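Below: the structure, in structure tokens.
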Amino acid sequence: MEEGSQKNTYSLGDVTQLLQGSATDIEKDDIDSAVDKLNEILTIWPNVEGEVSTRDSKLYGDMETKVPTAISLLQSKKVNSEEAKGIVSDLNTRLLPLIDDTGYTTWDAALILLREGLEALLIVATLLSFLKKIGQADKQKWIWTGVGGGFSCQFHIGGHNQYCLLTDHGCVKPGIY
């Protein structure tokens with residue numbers, strides 16, 4: 001990060017870059033620069049904390065408590081740079097795997113749909129077998145009516161959503177597809 005630069009969006013890469021720079025500054029015995037970098041992390045942390053809190057709650061808690069701890073270790077009368085460097089290096093090492101962009105693919109969506117479909121099939125099969133077991137097989141038409149109604153609602157809602165997303169008819173802001 002350049003000093004005096006006002007960046008509007010930050011990423012975990014920025015945090016790890018600052019952590020790495022702070023560790024390097026501690027090694028060079030440039031404590032003031034290391035503290036400045038750690039304070040900058042505290043400043044930008046609210047912009048990136050959501051990425052960490054949803055993926056590693058322990059690391060999230062450690063970032064919230066250990067960065068200030070490292071700062072206090074570096075600013076105390078009896079500077080403990082080794083412990084501070086250990087904290088900073090540990091946090092950086094644990095943050096690095098979270099930088100990789102994780103996204104969902106078509107296969108992920110297909111597997112979710114398959115799983116949900118199998119779950120629905122299991123529920124319908126259980127209801128049908130229960131009706132047979134209690135001698136009410138003639139009531140199966142109600143279950144099949146419910147299945148048909150569910151499919152009908154699903155296709156109507158899905159069609160409406162597609163129409164809204166693919167046209168500029170005011171359902172969503174144009175350009176968000």
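The structure presented is a predicted model; accordingly, all values stated were derived computationally and were not measured. FYI, side chains are in, hydrogens and waters are out, and symmetry mates aren't considered; it's all heavy atoms of this structure.
- Few gaps surround CD on E116; more than 12 heavy atoms of other groups in view lie less than 6.0 Å from it.
- Looking only at distances, no side-chain donor or acceptor of S89 sits under 3.5 Å from a matching main-chain atom of G86.
- Of the listed residues (T16, D62, D56), just one forms a side chain to side chain donor-acceptor pair (under 3.5 Å) with R94, and that residue is D62.
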Worked verdict on D138 versus Q136 for side chain to side chain contact (heavy atoms under 4.5 Å, CB included): CA-CA 5 Å; D138 60 319; Q136 300 287 324; 4.0 Å; yes
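- Checking side-chain atoms of S129 against main-chain N and O of A125 turns up a donor-acceptor pair under 3.5 Å.
- Side-chain contact of K37 with S33: a donor-acceptor pair under 3.5 Å is present, judged by distance alone.
- Put simply, CG on L74 and OG on S22 are 6.5 Å apart, with the number rounded to the nearest 0.5 Å.
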CA sep, side-chain torsions, deciding dist, call: T24, K28, side-chain hydrogen bond (donor to acceptor under 3.5 Å, both in side chains): CA-CA 6 Å; T24 303; K28 294 178 182 176; over 6 Å; no
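- L121 and V147 fall into different hydrophobic clusters, where Ile, Leu, Val, Met, Phe, Trp and Tyr residues are linked whenever their side-chain heavy atoms come under 4.5 Å apart, directly or through other members.
- Summarising the geometry, atom CD belonging to E40 is positioned 11.0 Å from atom CG belonging to L19; distances are rounded to the nearest 0.5 Å.
- Looking at L98 and V52, their side chains come closer than 4.5 Å, going by heavy atoms from C-beta outward.
- One hydrophobic cluster, built from ILVMFWY side chains closer than 4.5 Å, holds both L127 and F151.
- A pairwise comparison of heavy atoms in I99 and G13 identifies CD1-CA, 4.0 Å as the closest pair.
- Proximity of L12 to L96: side-chain heavy atoms (C-beta onward) are nowhere separated by under 4.5 Å.
- Among L59, I87, V88, the one residue that satisfies the side chain to side chain contact (heavy atoms under 4.5 Å, CB included) test with K66 is I87.
- Between L95 and the choices V48, V15, D90, the side chain to side chain contact (heavy atoms under 4.5 Å, CB included) rule is met once, by V15.
- Residue V124 comes nearest to I143 through the heavy atom pair CG1-CG2, 4.1 Å, listed as atom of the first residue, atom of the second, then distance.
- Looking at heavy atoms from C-beta onward, W45 lies in side-chain contact with E64 at the 4.5 angstrom threshold.
- Using a 4.5 Å heavy-atom cutoff, the side chains of L131 and K133 are not in contact.
- Contact check for I31 versus V35: side-chain heavy atoms found under the 4.5 Å cut-off.
- Atom CE of M63 and atom CD of E49 lie 10.0 Å apart (nearest 0.5 Å).
- Note that the OH atom of Y60 and the OG1 atom of T65 stand 11.0 Å from one another [nearest 0.5 Å].
- By the rule that hydrophobic residues join a cluster once side-chain heavy atoms approach within less than 4.5 Å of another member, W144 and F155 end up as members of one cluster.
- A heavy-atom distance below 4.5 Å is found between the side chains of L38 and I41.
- From K139, atom NZ reaches atom CG of L128 across 14.5 Å, with rounding to the nearest 0.5 Å.
- Here the straight-line distance linking atom OG1 of T43 with atom OH of Y10 works out to 8.0 Å at 0.5 Å rounding.
- Not a single donor-acceptor pair under 3.5 Å links the side chain of H160 to the backbone N or O of H156.
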